[in-house]
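One structure is given here, and the rest of the page talks about it.
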Amino acid sequence: MAARSFADKFDYAAWHDKPSWCLVTENDSALAPQVQHWIAQNIGVRSTTLRSSHISLASHPQEVAALTERAVREAARGRTPHSAHSLDVP
């Protein structure tokens with residue numbers, strides 16, 4: 001990763017108008033779950049929780065993959081994070 005990527009400024013975040021999801025990790029010691037929920041709610045993304053530490057991709061790869069696949073299917077059907085349907089990991 002280029003060092004300048006930490007200094008470059010941007011004026012657009014894709015989650016403003018693209019379907020976006022957030023995986024809240026309930027046993028996270030690096031970022032409190034309450035903060036994760038607050039962020040997801042305030043930026044208007046769909047969220048789901050997983051009993052995992054901060055590194056859920058390493059500790060729960062099947063669950064993270066299932067969430068990713070479900071998010072892709074939901075986005076393909078036109079369901080945005082603002083729709084009334086919940087997104088739960090199977």
Self-check item: Residue pair Leu67 / Thr48, side-chain heavy-atom distance below 4.5 Å
Solution: yes

Quiz item: Taking C-beta and beyond as the side chain, do Ile43 and Trp38 meet within less than 4.5 Å on heavy atoms?
Solution: no

Quiz item: Just wondering, more than 12 heavy atoms not from Glu26 lying within 6.0 Å of its CD?
Solution: yes

With rounding to the nearest 0.5 angstrom, report the [atom1] to [atom2] distance, [X] to [Y].
{"X": "Thr49", "Y": "Asp28", "atom1": "OG1", "atom2": "CG", "answer": "12.5 Å"}
{"X": "His60", "Y": "Ile55", "atom1": "NE2", "atom2": "CD1", "answer": "12.5 Å"}
{"X": "Arg46", "Y": "Arg70", "atom1": "CZ", "atom2": "CZ", "answer": "8.0 Å"}

Exercise. List for me each residue that meets side-chain hydrogen bond (donor to acceptor under 3.5 Å, both in side chains) alongside Ser59, sequence neighbours excluded, and say none if there are none.
Key: Ser52

Self-check item: side chain to side chain contact (heavy atoms under 4.5 Å, CB included) against Val35, all qualifying residues, sequence neighbours excluded
Solution: Leu31, Ala32, Ile39

Exercise. Could you check Ser56 against Leu23 for side-chain contact (heavy atoms from CB on, under 4.5 Å), going step by step and ending with a plain yes or no?
Key: CA-CA 9 Å; Ser56 58; Leu23 176 60; 3.6 Å; yes

Self-check item: Closest non-hydrogen atom pair between Cys22 and Val45, with its separation
Solution: CB-CG2, 3.8 Å

Quiz item: Under 3.5 Å, is there a donor-acceptor pair between the side chain of Ser20 and the main chain of Lys18?
Solution: yes

Practice problem: Keeping the roles fixed (side chain from Gln36, backbone from Thr25), state whether a donor-acceptor pair exists under 3.5 Å. | Solution: yes

Quiz item: Given the rule that I, L, V, M, F, W and Y join up when any side-chain heavy atoms are under 4.5 Å apart, are Trp21 and Val72 in one cluster?
Solution: no

